[in-house]
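Start at 1 and go down the list; that is how both ligands and their atoms are numbered. Along the sequence shown, the residues carry numbers beginning at 1.
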Amino acid sequence: MKVAVCKEPKKPLVFEEWDVPEINDDEVLIKVHYCGVCHSDLHIVDGDWDDWVSYPTVPGHEVAGIAVKVGRNVSWIKEGDPVGMPWIYSSCEVCDYCVDGDEPLCPNHEITGITKQGGYAEYMKAPGRFVTRIPENLDLAYSAPLFCAGVTVYSALKRLNIKPDELVAVQGIGGLGHLALQYAKAMGARVVAISHSSKKEKLARELGADYFIDTSKIDPAEELRKLGGADVILTTVFKAEAIQPLVEGLAPRGRLSVVGAAQEPIQVAPFDLITKRIVVTGSAVGGRKLLRETLRFSADFGIKPLIEVHPFEKVNEVLDRVRKGEVELRAVLKMVQ
Ligand SMILES: [Zn+2]
Ligand SMILES: [Zn+2]
């Protein structure tokens with residue numbers, strides 16, 4: 001089978017011919033049809049995380065394909081089922097977090113595409129208990145990005161306990177944000193899109209935004225306060241300086257959640273915490289429970305990512321386009337031509 005290997009950081013991926021993996025009784029062999037290209041893949045390729053990525057590695061954690069071999073202990077998946085694999089490859093399954101369905105907090109989880117072979121390959125094996133079935137009415141190409149981008153923003157919004165008619169602002173209308181707008185709208189919220197470019201307004205409104213704030217022209221906090229203040233702000237941007245002004249736009253009891261891994265701190269005045277009881281938090285991916293919910297919710301409400309599909313052979317060019325910010329929403333590799 002063909003795989004794209006990251007042999008060492010800061011070098012293009014190298015195509016190699018590997019044996020198709022053998023599975024044990026508890027595993028599933030997936031024929032990968034599509035694999036989304038996530039910003040995290042770029043961090044792996046560019047060596048940003050080289051203290052915890054061990055090279056060589058095969059990236060890819062937005063995997064959608066078909067179960068082609070199923071271990072005999074895996075009774076809940078059949079050969080031929082549409083299935084996928086997310087960021088969480090496996091976890092200990094017995095710690096308090098795992099028992100609570102919160103595998104991303106498990107201290108002993110394995111990560112698809114980092115500690116285990118990921119989806120930039122024609123086949124991958126995975127532990128049956130972590131392989132997730134894709135609802136029949138979801139197309140495989142469109143479901144791939146739901147395994148990271150989708151579950152990340154869906155889980156973040158769920159953890160913020162959105163009530164219908166709350167004002168929910170989404171900052172950053174890219175791969176994550178364009179899905180967050182759709183989920184927030186389907187959850188019954190009044191939705192604000194916040195972007196540094198007015199070019200995103202048309203798309204944001206098509207995806208359900210009731211209001212649009214262009215931060216290059218106006219102060220987002222002031223605009224949010226004019227709307228009564230945001231009950232929820234979900235920010236998908238990577239720069240703390242872009243997130244900082246939004247704190248002032250929260251309504252009393254407002255919650256701000258970050259899903260973009262900015263390194264610099266953001267400041268919150270203790271006075272605001274006390275008098276407005278605001279909450280500042282964050283969220284990363286989601287466990288199996290929230291992933292199943294993400295897929296079902298997306299299928300039920302017809303929520304789809306906007307994708308551009310490229311042949312697997314073009315992976316290095318696609319990564320380069322993500323690096324340059326040329327992929328506006330989500331890129332997906334097509335393995336089966
Ligand atoms: Zn990802
Ligand atoms: Zn655990």
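- Of the possible donor and acceptor atoms, none in the side chain of E62 sits under 3.5 Å from a partner among the backbone N and O of C38.
- Within the 4.5 Å cutoff, no side-chain heavy atoms of K200 are placed close to those of D214.
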Practice item. For the pair C92 and Y97, evaluate side chain to side chain contact (heavy atoms under 4.5 Å, CB included) and give the outcome as yes or no after the intermediate values. Key: CA-CA 10 Å; C92 84; Y97 303 110; over 6 Å; no
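- For the Zn ion (ligand 2), the neighbouring protein N/O/S atoms at less than 2.8 Å, given as residue and atom, are C92 SG, C95 SG, C98 SG, C106 SG.
- For the Zn ion (ligand 1), the set of protein N/O/S atoms nearer than 2.8 Å consists of C38 SG, H61 NE2, C148 SG, ordered by chain and number.
- Salt-bridge check for K226 with E223: passed, with a basic side-chain N closer than 4.0 Å to an acidic carboxylate O.
- A salt bridge links R159 with D102: the closest approach of a Lys/Arg side-chain nitrogen to an acidic carboxylate oxygen falls below 4.0 angstrom.
- Checking D26 against N73 by side-chain atom types alone, a donor-acceptor pair falls below 3.5 Å.
- Ion pairing of D81 with R133 is present here, as a side-chain N (NZ or NE/NH1/NH2) and a carboxylate O approach within less than 4.0 Å.
- The pair R190-D165 counts as a salt bridge, with a side-chain nitrogen and a carboxylate oxygen less than 4.0 angstrom apart.
- The only member of T152, I114, L291 that meets side chain to side chain contact (heavy atoms under 4.5 Å, CB included) when paired with W87 is I114.
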